[in-house]
Amino acid sequence: MQEIHFAPLQGYVDNAYRRLHSQIYGGVDCYYTPFIRIEKGEPRRQDIARLKASVGDGTPLVPQIIFASLEEFRILTEVVKTLGFNRIDLNLGCPYPMQTNRGRGAAMISDIATMEQIVKQIDSDCSTSYSVKMRLGKDNPDEWRSLLPLLSSVKLNHIAIHPRIARQMYSGDLYIDEFRSLESQSSNPIVWNGEIRNIGDLSAHTNAAAIMIGRGLLARPSLATEWRNNEEWQHAMRIATLLEFHDRLLSEYEQTLCGQTQILQHIKPFWDYLEEEIGHRCLKAIRKASTLDRYREAITTIE
Ligand SMILES: Cc1cc2nc3c(=O)[nH]c(=O)nc-3n(C[C@H](O)[C@H](O)[C@H](O)COP(=O)(O)O)c2cc1C
């Protein structure tokens, strides 16, 4: 059976979310960190602190890095390897101008000169297995065509493709024909990433080496395990498990964060993609809650 990967989702899938998701739901073979980046010439401290804190927590985790140059790549891979990781994911997909204007993320798809240096470095590093997560391009859906032969010249764990261009951000039509063309030309395994919401969507991608799911798992955290066990969870079971997941996450945030404002800031996004599951009124009450008491009250209305 194909592997299911939980896509990196900055602001949603943190250490505690990943660990509890894997303990409570399972069904996911591999999780990724949000991208780790260079800030003021060194690896961003909070990224490294979070990565350090995840070591040994039992969740199958791949750190993801974003870089603008061979130098940034070297600094980041070194620090990640020092923490004991031998799998690293490379972000060639981030669409945000904050990163692309610095030559990172989706901008790296067409920076062939830098990617030649990176590929050389990957090729000479036998201790680490690399994967790439990319879009089809930054501005055009055929940008991948110049990069793919280079990526095919080196052995990668896989290339995960979100078949959009950066300008589309996270919505709009998927370029399926370009994806198929890329898939047929790649010498590395291709992982599908994009718009998987239910078991039917998963079944449409049985040719892919693995399937990476982001928002679909936020909206239905049981999706991977339902698919794996070929068993649809009824609403009552989904809600009961969701509440257990939420309660354990909230209790972790209460132990590790300081003050109601911070705790609410971290826990409220948990519900952002769950409107279909809990209803509009509940979600509105959750978002409106300004104290933990009010927040808890709102949660008790979920049925
Ligand atoms: C809020 C948010 C944060 C994201 N953070 C990252 C990230 O740190 N690294 C990355 O490679 N992709 C990131 N992505 C992209 C997702 O990993 C994924 O490629 C995208 O959501 C498409 O997959 P989906 O349709 O299954 O959600 C993010 C997407 C969203 C919506």
Side-chain angles (χ1 to χ4, degrees), residues 2-15 17-18 21 27-28 30-39 43-44 46-48 50-51 54 61-67 76 80 87-100 102 104-109 130-138 144 157-176 179 190-202 204-205 208 210-221 223-224 227 265-266 268-276:
Q2 280 163 304
E3 288 198 347
I4 303 281
H5 296 193
F6 203 141
L9 291 161
Q10 187 130 43
Y12 290 92
V13 183
D14 60 11
N15 286 355
Y17 188 104
R18 281 192 298 270
H21 182 274
V28 168
C30 163
Y31 296 79
Y32 295 80
T33 68
F35 58 75
I36 301 170
R37 67 174 189 268
I38 296 283
E39 198 174 66
R44 206 164 77 115
Q46 67 203 75
D47 293 344
I48 301 307
R50 287 189 190 120
L51 187 60
S54 75
L61 181 64
V62 178
Q64 186 191 67
I65 62 167
I66 197 166
F67 50 90
L76 291 169
V80 166
R87 275 274 291 113
I88 298 179
D89 189 61
L90 312 182
N91 182 315
L92 270 64
C94 180
Y96 288 104
M98 273 271 276
Q99 300 306 324
T100 56
R102 291 180 160 90
R104 297 176 181 151
M108 189 51 73
I109 298 169
Y130 291 89
S131 53
V132 169
K133 181 170 182 287
M134 62 183 271
R135 290 177 181 244
L136 295 170
K138 179 172 155 285
W144 61 270
N157 189 282
H158 66 256
I159 305 174
I161 301 288
H162 180 53
R164 287 195 169 105
I165 57 173
R167 263 194 295 134
Q168 294 174 287
M169 302 303 285
Y170 297 108
S171 60
D173 290 345
L174 301 168
Y175 292 92
I176 301 295
F179 173 81
I190 297 296
V191 171
W192 171 270
N193 168 230
E195 305 298 338
I196 300 286
R197 307 281 165 185
N198 52 46
I199 292 183
D201 295 337
L202 273 161
H205 294 285
I211 301 172
M212 178 185 277
I213 313 175
R215 293 162 294 176
L217 273 166
L218 295 180
R220 190 160 173 141
L223 181 56
W227 183 70
Q265 254 171 22
H266 277 76
K268 280 187 183 179
F270 179 86
W271 303 102
D272 280 354
Y273 290 88
L274 286 161
E275 182 166 351
E276 254 182 55

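Order of appearance sets the numbers: ligands from 1, and atoms from 1 within every ligand. On a predicted model such as this, the values are computed, not experimentally measured, just so you know.
- Atom CE of Met169 is surrounded by more than 12 heavy atoms from other residues, nucleotides or ligands within 6.0 Å.
- For ligand 1, the polar-atom distance check finds an N/O of Gln10 within less than 3.5 Å of one of the ligand's N/O atoms.
- Counting heavy atoms under 4.0 Å from ligand 1, residue Asn91 touches it through the side chain alone.
- Numbered from 1 in the order shown, with element, the atoms of ligand 1 that lie under 4.0 Å from a heavy atom of Glu195 read 24 (P), 25 (O), 26 (O).
- Side chain of Gln2 to backbone of Ile211: no donor-acceptor contact under 3.5 angstrom is found.
- Taking atom 2 (C) of ligand 1 as the reference point, the nearest protein heavy-atom neighbour is Leu9 CD2, 3.9 Å.
- In this structure, the side chain of Arg215 engages the main chain of Tyr170 through a donor-acceptor pair within 3.5 Å.
- Residue Ala7 has at least one heavy-atom neighbour below 4.0 Å for each of these atoms of ligand 1: 17 (O).
- For the pair Arg87 and Tyr31, the cation-pi test (distance below 6.0 Å, angle within 45°) is failed.
- Residue-ligand proximity, Pro34 to ligand 1, at heavy-atom distances under 4.0 Å covers atoms 8 (O).
- Between Phe35 and ligand 1, an N or O atom pair is found at a separation short of 3.5 Å.
- Atom CZ of Arg197 has more than 12 neighbouring heavy atoms from other residues, nucleotides or ligands inside a 6.0 Å radius.
- Contact annotation: for Tyr12 versus ligand 1, heavy atoms closer than 4.0 Å belong to the side chain alone.
- Among protein heavy atoms, the minimum distance from atom 26 (O) of ligand 1 is reached at Gly214 N, 2.8 Å.
- The closest approach between Gly194 and ligand 1 falls below 4.0 Å for a heavy atom of the residue.
- Taking both residues in full, the closest heavy atoms of Gly172 and Arg164 are given as O-NH2, 2.7 Å, listed atom of the first, atom of the second, then distance.
- Within the 4.0 Å heavy-atom criterion, the part of Tyr170 lying near ligand 1 is the side chain and not the backbone.
- For atom 11 (O) of ligand 1, the closest non-hydrogen atom on the protein side is Gln64 NE2, 2.8 Å.
- Checking Asn193, Asp201, Asp272 against atom 18 (C) of ligand 1, the nearest heavy atom belongs to Asn193.
- Within the 4.0 Å heavy-atom criterion, both parts of Arg215, backbone and side chain, lie near ligand 1.
- For atom 6 (C) of ligand 1, the nearest non-hydrogen atom of the protein is Pro8 O, 3.3 Å.
- The backbone N or O of Ile165 sits less than 3.5 Å from a side-chain atom of Arg135, completing a donor-acceptor pair.
- Within the 3.5 Å criterion, the main-chain N or O of Met212 finds a donor-acceptor partner in the side chain of Asn193.
- Residue contact check: His162 has heavy atoms under 4.0 Å from atoms 22 (C) of ligand 1.
- Counting heavy atoms from C-beta on, the side chains of Asp201 and Ile213 never come closer than 4.5 Å.
- Heavy-atom contacts from other residues, nucleotides or ligands closer than 6.0 Å to CD of Gln10 number more than 12.
- Only the side chain of Lys133 comes within 4.0 Å of ligand 1, counting heavy atoms alone; its backbone N, CA, C and O stay farther away.
- In this structure, His158 contributes its side chain and Ser131 its backbone to no donor-acceptor pair below 3.5 Å.
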